[in-house]
Structures are given as structure tokens and as C-alpha cells.
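Below, each value reflects all heavy atoms present in this structure, side chains not excepted, and no hydrogens, waters or symmetry copies. The shown structure was predicted, so the numbers you read here are calculated from the model rather than taken from an experiment. In what follows, chains are A, B, ... by sequence order, proteins preceding strands, each numbered from 1.
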Amino acid sequence: MRQCNHDRVRFIMTKAHLELFEVFIRSRRGLDHKHVGSLHAEDPAQALEYARDTYTRCSEGVSIWVAKSSDICASQEADAESFYDPSDDKPYRHSSYYHLPDEVDNM
Amino acid sequence: MNNADLQGPSSRNQQVMQYAIRLGDDALVLGHRLSEWSSKAPFLEEDLALSNVALDYIGRARMFYGYASELAADGRTEDDFAYTRNEREFQNLLIHELPKGDFAFTMVRQLIVDIFNTHFLHQLEQSSDQTLSGVAAKAIKETRYHLRRSREWITRLGGGTEESQQRTQKALNSLWGYTPELFELDELEQQLCNNNIGVNNTLLSAIWHQQIADILTEAGLTVPENSWTVKGGRSGYHTENLGHLLTELQFVHRSMPGLEW
Amino acid sequence: MTDAAEQISHFESIISMDQCIEPKDWMPEAYRKNLIRQISQHAHSEIIGMQPEGNWLTRAPSLRRKAVLLSKIQDEGGHGLYLYSAAETLGISREEMIDALQTGEAKYASIFNYPTQTWADVGAIGWLVDGAAIVNQISLQRNSYGPYARAMVRICKEESFHQRQGYEIMLTLSRGSEKQIQVAQDALDRFYWPSLMMFGPHDSESAHSARSMAWKIKRETNDDLRQKFVDQTAPQIQILGLRHPDPKCIWDPERGHYDMGEINWEEFYSVINGNGHCNRQRLEHHIDAHEEGAWVREAMQSYHEKKKQQSYAKAS
């Protein structure tokens, strides 16, 4: 293991800089936005882009909301076509894209 | 004035095929460079985002090579174009083959290429060739997203710390001499342009310069002077970097030639 | 009942009804710690797991394989992110988890300390390593912590193509040239046993098993999951026409399962304890990328601060 060097100190000093955002995705028209997880970003605009890159990789979104986690009060108990169309051409992310012999059940 | 008409359809197909191969080479070589960031980005979200951009380029390369293989009509596949041609045969613009460098270098290159591509692809969408126009229509959507990212990053890096500002300016200076090549036309491209198939890159120069100058100035960066120019990609005259890239890219394919993978 | 006793009994009743514990619920400190350990280890495995396959990203033998591999590796990063995100709901930051990984305090799956030497290894990893991971993850979709269970559902859905693409690579190789069949067999031989080790020690030896089962952080035992994997893999090897690496793997009609030979646990512990080919390299790669990225993260922070100050100045 590497010892605590200058870079490492620098890394630790700067580590808590990105804000945490919660991500909500509407996967289909007619459905509500559903919480899918969180991510780190510098501002809301970047959070939206990263949400697109992280949570809609199989084109499962039509609308994304992001909100700073710190802005969410909890009880004790849009974007343009350039966002979504590019994922349409990745059929290889779906299992039906791979043709295997019938004997290979349930993979 | 219209030489291609006299040369007949097969010669036209040859020309369009060459053009598609060039555009495929641009996309493959840059996609390869971007894929080198996988597991090495400054943080996880950016790692995923860079992979998405790389995937867009690899997908684009496949579309262009796919069309080239259709036009070749001699059984050559997309992989034959990617995996069996050597350095002198690759015709990508040089800027795409330069090593990925640091994050500033990668983002500055993206900014240069993304601005260029928004205009190039917009023009290619008007091509009289239906397939090229179709590929452009799809690719431009990706590119608008890429540009949004690279523009925001340059603003952040330019306006960030002294170090990020310096690294970004340095990247800009070392990439600038590769930009004039983007706006040139050789004989083949001139002919395709005359036939409303290809894009007249020379006409994109003014708007590109205007747009990048605006972004750089806003980010507190200096537009470099045009003090040097390196070119030759379209005629297979490459930097030494491409050979190493191809060595890696083609190694498995070439070590057992003619097989299915 | 005292307050504390009430809290515990409420917690236990939720678990016994097979309902989920959610982030804001009271939970025993040991449950929280155990979850953080398990989820972060799972996340680190996804992240470190990008490297062995990434080793072949620039050498993938066709454009289709290259695109598929890059998507798969990207998914692993995404899954690491989902899991970090689930762990963060337990009150630990991603930075703390990454720090624990880099100092060696947190672990990742030992399988990723094995080197990928040939293209066939990429196939074997997708098929066997992802296959073993999926068996485990399917069972974890029903774990008792809501954010973790939901992350698992998402991950399982997205990973369905991972194993298939790996098997497809093996299938293509095993129906190819003599040389291709050879590398396929070699990759199977090298990755089969380590894949079985991924399920962890025998139940009798497993340190965390019993309590994790009671809390439903684990739903099936190591040995049961391993058996499932062995059972599903044996016929797949047959279809490939390759030689099974375990000569004792024979169908036992009475048990309704395949038998298996004894795992070399000495190797297992040896690799965990640092004697794998890539233990140091994997961590160094991660640390290097992180350190090289420090100036970028600093720039973001600095830009963010400047922007904030500007907007305060405007507002006042």
C-alpha cells in the first residue's frame, strides 16, 4: 500500500467538494417520476447530464428530475432529443440481442 | 464542371466509399482514445459520461464503415476496414489520433471537434446521399450533447484554479496547430462537394473560429496564435501515435486472421 | 418495555414480515455497520472489476465486441455508483468509502486480482464471473434494506446482457479454429475455480453468515448459491464442447445436483492476502486515477465557490 504522500493529503483535503443530488426518472409517459438513486455533481445542470449518463443508459427515461439531497425535507418515516436518442442504437445492452442455443435456458 | 457524371456511377460509389471510410476513421480513432479513459476519469460520474461519448463515436464509426462496406460490395466488412488497414491507409484527421493526454487535453480536443462536428454534420445532413444524410442526422444529436459537456468543462477548467487554467491553456496551445486541417478539402472532397454529396469544410472555418473564440474568452482563456500547422491525415501522412494505436487495436484480429470473433 | 427494547422489537418485526428497512428507520448499529461493509465491498468490486476487462478494451477483436465491452465496463461503473449511492443512505460518504478501499481497510472481490491474459478471458469473465455474481445478486434482490434491494433489482435487470455477451464470446471461440478453442479452454480452466470461490468460504467457516441471514442481508447461504452456479454452469460447458475443469462434477440424480470437487482454499486465502498477480496493480491503478483527477475536482470546487460568491454579490 502506498504511504500518505502529498497527493494523497491533497486528495483528502478536497474530497467532500461535490454535492449530492437525488435523481428521479419518468420512464414512460403516463408514469410518475420515480426515485432511482443519487449522484455527485458540481451543479444542477451537470447533475442532469450525469443522471442521463448514469441512469438512462438503456434509454429507460423520458424525463429526469434532480434535486440537491440537502434540499429534500423528509418525514421521519428535459431535455432535448440529443439526450435520449443516442441510446436507441445499443440493442446489445438487451439480452434478446444474443442468440444462444435453446438448451441454454434462463441465462 | 461536373466530372463525376462523366465517370459513371461506379466511380461515384468509389468516391463516396472513400469518404465514408475517412469519416469512419475519424470516429474510430477518437472513440478509441476516449475509451482509454475507462476506469481512469477524475471521478465516477465523469467516467461513465466519457464512456458514453466513446460509445457514440464507436457507433458512428460502425455506421460509416458499414456504409463503406455496402458500397464496396466485395465482401469487406466494417471490421476489415478497422482491423486490416495500416497507418498509411488510415485517413483520419490528425487531431483525433493524438494521445488522450490529461483531462484538460481531452476536453479541449472535444471542444474543438464538437464545435466542428455540429457544423459539419449539419451540412452533411443536407447531403444528396441519403445514407450519409441519415448518419449525420443521428450523429448530430449526440454531438450537440457532447458539445454541451465540453463547453461546460472548458468554462469550469478555465474558471477553476490556476492549475486547471494553465493546463487548459497548455492543451489549447498544443492542439491549435492541428485545427487548420479541419477546414481543408482535397481533390476527392472537392468533387463530392461539387456533387452535393460531401461537405465544404472550408466554409465552416469562420463560424468555428467565432464560436470557439467566444467560449474561450468567456472561460478566461487565450485564443492561440496560428504559428504552426501540421496536416496530412487525409493522405495517410500521420503522427507516430497512430501506429501504436493501431498496433493495439488490431493485435488480436491480426494475430489470428480471417476468423470469427 | 423500554424504548430501546421497543425499537429493537419493531425493527425485528419489520424484518420478520419480509418488509424493508428504509434509511430513516431506526436500526441496530451492527446492522448498519454490516450493511455498510457489505454494500461498499460490493461497490468496490464493481469498480475494481472494470480493470481486468478494461485491460482488453483497446484490443477487442471486432468493433461490435469493442462496443459491447465498453458498455459492459461502463455498466459496472454505473453499478458501483448505484451501490455507493445505496450505502450513502446509511450515513457514510462515497469519499470515506473510497478512502477505505485505497488504504486497504475495505475489501473487494478477490477474483479481480487474477490477470486477464487473453481475449478469451474476457469471455470467461462475462460468463463465469458475472454469472456467479448474478446468482448472488438475484438472491440479494430480496434483502431487507430497501435502497440496497432496489439497487440490486436495477443491477440484475441491466446485467442480463453481461453474462450472455461473455458466453457468446466463448461460444464463438469454441466453434472457431484450433487455436481459438485452445484459448477458450485455457480461460475456462483458469477462471472456473476462482468463480466458485466468489461465493465465499463454506457456510461452516463463514464469519458473517449466520447473523446476516437472520437480518436478511443475505438470503441464501454461500454453499447453496455455489451449488446453484455449479448446476447451471455444467450444461453450459457441455454446449461449448469444452472439457469441464472439475472432473468430479458429475450429476447426482439422488440429490438432484451436480457434485463438485474440493476447492483449493489455500489459493483463495493466498490471493486475498495479497499474493494474486494483480492485487497491488489494481489498487495502484485506482489511486493513480484518483490522484491524477485531484486537480480536476479542485477546479470544479473552486469554480463552484466563485459562482456562488458571484450570485451572493448580485443578490446583495
Q. Taking the side chain from T103(C) and the backbone from D99(C), do they hold a donor-acceptor pair closer than 3.5 Å?
A.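 Pair found, side chain donor or acceptor close to backbone of D99(C).
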Q: Output yes when a side-chain donor or acceptor of H44(C) lies under 3.5 Å from a complementary backbone atom of M97(C), and no otherwise.
A: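 Yes, H44(C) side chain to M97(C) backbone: donor-acceptor pair under 3.5 Å.
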In terms of heavy-atom pairs under 4.5 Å, which option from [options] contacts chain B the most?
options                           : value
T118(C), L63(C), I169(C), L173(C) : L63(C)
L81(C), L57(C), I47(C)            : L81(C)
S62(C), G176(C), G293(C), A289(C) : S62(C)
Q180(C), K306(C), H285(C)         : Q180(C)
P61(C), A60(C), S302(C)           : P61(C)

[X] atom [atom1], neighbour heavy-atom count above 12 within 6.0 Å:
X       : atom1 : result
E305(C) : CD    : yes
K170(B) : NZ    : no
E218(B) : CD    : no

Please look at [X] and chain C and tell me whether the side chain, the backbone, both or neither of the residue comes under 4.5 angstrom of a heavy atom of that chain.
X       : answer
T155(B) : both
F251(B) : side chain
A104(B) : both
L50(B)  : neither

For [X] and [Y], which I'm curious about, is there any donor-acceptor pair between the side chains at under 3.5 Å?
X       : Y       : value
Q91(B)  : Q18(B)  : yes
T172(C) : W261(B) : no
T239(B) : N241(B) : yes

When rounded to the nearest 0.5 angstrom, what distance separates [atom1] in [X] from [atom2] in [Y]?
X       : Y       : atom1 : atom2 : value
M170(C) : I181(C) : CE    : CD1   : 11.5 Å
I287(C) : Q102(C) : CD1   : CD    : 5.0 Å
L175(B) : I112(B) : CG    : CD1   : 4.5 Å
I48(C)  : H286(C) : CD1   : NE2   : 5.0 Å

Q. In terms of heavy-atom pairs under 4.5 Å, which option from E248(B), K40(B), Q165(B) contacts chain C the most?
A.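 Looking at each option in turn, the highest pair count goes to E248(B).
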Q) Taking L55(B), V252(B), D102(B) one by one, which has the highest count of heavy-atom pairs under 4.5 Å against chain C? A)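 Result: the option with the highest number of such pairs is L55(B).
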(Q) Before you tell me yes or no, could you show the steps for F103(B) and W153(B) under ring-ring contact (aromatic ring centres under 6.0 Å, His included), namely the whole-Å CA-CA distance, both residues' side-chain angles and the distance that decides it to 0.1 Å? (A) CA-CA 10 Å; F103(B) 188 72; W153(B) 266 118; 4.8 Å; yes
(Q) Quick check on the structure: residues of residues 70-78 of chain C within a heavy-atom distance below 4.5 Å of chain B, by number. (A)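 Heavy-atom contacts from residues 70-78 of chain C to chain B are L70(C), S71(C), I73(C), Q74(C), G77(C), G78(C).
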Q. Step by step, would you call F90(B) with H96(B) a ring-ring contact (aromatic ring centres under 6.0 Å, His included)?
A. CA-CA 12 Å; F90(B) 263 72; H96(B) 300 111; over 10 Å; no
**Q.** Toward chain B, the part of R65(C) with a non-hydrogen atom under 4.5 Å
**A.**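 For R65(C), the contact with chain B is made by the side chain alone.
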Q. So what's closer than 4.5 Å to chain B heavy atoms on R175(C): side chain, backbone, both or neither?
A.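 Looking at R175(C), nothing touches chain B.
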**Q.** Interface residues of residues 58-88 of chain B facing chain C - heavy atom cut-off under 4.5 Å
**A.**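 Residues in range: I58(B), R62(B), Y65(B), E78(B), D79(B), A82(B), Y83(B).
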Q) Looking at H42(C) versus Y82(C), is the centre-to-centre ring distance below 6.0 Å? A)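 Here the rings of Y82(C) and H42(C) have centres that are no less than 6.0 Å from each other.
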Q: Begin from the C-alpha positions of D186(C) and R190(C) and carry the test salt bridge (charged side-chain N to carboxylate O under 4.0 Å, His left out) through to its verdict.
A: CA-CA 6 Å; D186(C) 172 55; R190(C) 277 182 292 115; 2.8 Å; yes
